[in-house]
Amino acid sequence: SKQWYQRRVHGRQLSTEQDEEEVAELVKKAQQLEVELDKTQEELLTTTEKLKDKENALSAAELEVNALNRRVQNIEGDLETCEDKLLLATQKLDKAATAADDSDRMRKVLESRAIGDEDRMGKLEEELKGARTQAEDADKKYDEV
């Protein structure tokens with residue numbers, strides 16, 4: 001029975017040593033898991049910060065796109081206004097060109113009439129000279145008689 005007791009005590013010592021080794025191994029694994037957990041949490045924080053930065057950059061880009069879209073709309077509105085003004089100016093120019101053509105035709109007509117009138121005035125002046133000469137001659141003949 002003493003042997004049995006010694007074996008049992010010896011067995012418990014082995015069992016206790018094994019248990020201590022297992023506990024030490026488990027503590028070691030727990031410490032490793034804690035280190036991995038810390039690393040993972042740090043990576044999560046870093047990734048979360050990067051994600052926030054990306055979200056902020058995305059928001060800024062969306063704001064810029066919206067601003068550019070508003071600018072494009074304003075420019076398109078300005079373009080429409082300019083096109084309308086151009087159309088009106090072109091119509092006015094066409095009217096002015098037509099009026100200029102009409103004025104040019106009228107000028108040519110009036111120039112032609114003026115030339116005709118000058119010719120007639122020249123002939124009338126010649127006739128007037130002739131008539132004066134005849135009248136003077138008639139006066140001389142009358143005075144002589």
Side-chain angles (χ1 to χ4, degrees), residues 1-140:
S1 135
K2 190 175 179 184
Q3 276 184 334
W4 176 83
Y5 180 73
Q6 284 177 343
R7 272 188 277 158
R8 189 161 167 121
V9 168
H10 181 67
R12 280 205 173 177
Q13 285 176 346
L14 284 176
S15 179
T16 302
E17 285 175 16
Q18 287 174 346
D19 288 346
E20 285 175 6
E21 284 177 16
E22 283 180 17
V23 167
E25 188 109 351
L26 288 173
V27 167
K28 187 177 175 184
K29 282 185 180 179
Q31 288 172 344
Q32 287 173 347
L33 287 174
E34 283 179 15
V35 168
E36 286 181 25
L37 177 63
D38 287 344
K39 284 182 184 176
T40 304
Q41 286 176 335
E42 285 177 23
E43 289 175 4
L44 177 61
L45 281 174
T46 304
T47 305
T48 303
E49 286 177 21
K50 286 180 183 176
L51 178 62
K52 283 182 183 177
D53 290 344
K54 294 289 183 188
E55 287 174 347
N56 290 339
L58 177 64
S59 294
E62 286 174 345
L63 289 174
E64 187 176 352
V65 165
N66 289 338
L68 289 172
N69 281 334
R70 283 191 300 275
R71 188 168 172 215
V72 165
Q73 288 173 348
N74 289 337
I75 290 171
E76 286 174 345
D78 291 348
L79 177 62
E80 275 186 36
T81 303
C82 288
E83 287 173 344
D84 292 345
K85 287 180 180 179
L86 178 61
L87 180 63
L88 288 174
T90 303
Q91 291 170 348
K92 287 180 181 179
L93 181 61
D94 287 344
K95 286 182 182 177
T98 301
D101 289 344
D102 292 347
S103 294
D104 194 46
R105 276 193 294 277
M106 184 58 78
R107 178 188 57 81
K108 288 178 183 174
V109 167
L110 292 176
E111 281 179 356
S112 176
R113 281 186 190 167
I115 290 171
D117 289 347
E118 285 177 12
D119 289 344
R120 275 197 2 239
M121 281 176 49
K123 288 177 185 172
L124 289 173
E125 285 175 1
E126 290 298 319
E127 287 177 18
L128 181 59
K129 285 180 186 176
R132 280 187 183 151
T133 304
Q134 280 181 347
E136 288 171 5
D137 288 346
D139 278 345
K140 286 180 185 176

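Excluded from the calculations below are hydrogen atoms, water molecules and symmetry mates; all remaining heavy atoms, backbone and side chain alike, are included. Not measured: the values here are computed from a predicted model.
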Enquirer: What's the spacing between Ile115 CD1 and Leu110 CG if we round to 0.5 Å?
Expert: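 If I round to the nearest 0.5 Å, the distance is 11.5 Å.
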Enquirer: How long is the span from the CD atom in Glu76 to the CZ atom in Arg71, to the nearest 0.5 Å?
Expert: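 One finds 12.5 Å between CD of Glu76 and CZ of Arg71.
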Enquirer: Hey, are the side chains of Asn69 and Val65 touching, using non-hydrogen atoms and a 4.5 Å cut-off?
Expert: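 Yes, close enough: below the 4.5 Å cut-off.
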Enquirer: Do Thr46 and Glu43 come close enough that some side-chain heavy atom pair is under 4.5 Å?
Expert: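 Side-chain contact under 4.5 Å: no.
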Enquirer: As an exercise, state the distance from NZ of Lys85 to CG of Asp78, rounded to the nearest 0.5 Å.
Expert: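 It is 9.0 Å, given to the nearest 0.5 Å.
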Enquirer: Got a second to check how far Lys28's NZ is from Glu21's CD, nearest 0.5 Å?
Expert: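 Reported value, rounded in 0.5 Å steps: 12.0 Å.
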Enquirer: Could you tell me whether Arg107 atom CZ has more than 12 heavy atoms of other residues or ligands within 6.0 Å of it?
Expert: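 Yes, enclosed.
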Enquirer: Above 12 or not: heavy atoms from other molecules or residues under 6.0 Å from CD of Glu64?
Expert: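 Incorrect, the count does not exceed 12.
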Enquirer: Which pairs pass side-chain hydrogen bond (donor to acceptor under 3.5 Å, both in side chains) with one or both residues in residues 48-63, sequence neighbours excluded?
Expert: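 Counting only pairs at least two positions apart or across chains, no side-chain hydrogen bond (donor to acceptor under 3.5 Å, both in side chains) contact touches residues 48-63.
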Enquirer: To the nearest 0.5 Å, tell me how far Leu44 CG sits from Thr40 OG1.
Expert: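 These two atoms lie 8.5 Å from each other.
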Enquirer: Starting at CD of Glu127, measure out to CZ of Arg132 and round the result to the nearest 0.5 Å.
Expert: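 Separation between the atoms: 13.0 Å.
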Enquirer: Would a 4.5 Å heavy-atom cut-off, applied to side chains only, mark Arg120 and Asp117 as touching?
Expert: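 SC-SC contact between Arg120 and Asp117 confirmed.
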Enquirer: Check the pair Thr98 / Asp102 against side-chain contact (heavy atoms from CB on, under 4.5 Å), numbers first and verdict last.
Expert: CA-CA 6 Å; Thr98 301; Asp102 292 347; 4.0 Å; yes
Enquirer: Looking at Arg113, Arg105, Glu111, which hits side chain to side chain contact (heavy atoms under 4.5 Å, CB included) with Val109?
Expert: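 Testing Val109 for a side chain to side chain contact (heavy atoms under 4.5 Å, CB included) against Arg113, Arg105, Glu111 leaves exactly one candidate, Arg113.
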Enquirer: Measure from the side-chain N and O atoms of Ser112 to the backbone N and O of Lys108, and report whether any donor-acceptor pair falls under 3.5 Å.
Expert: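 Here the side-chain-to-backbone pair does not exist.
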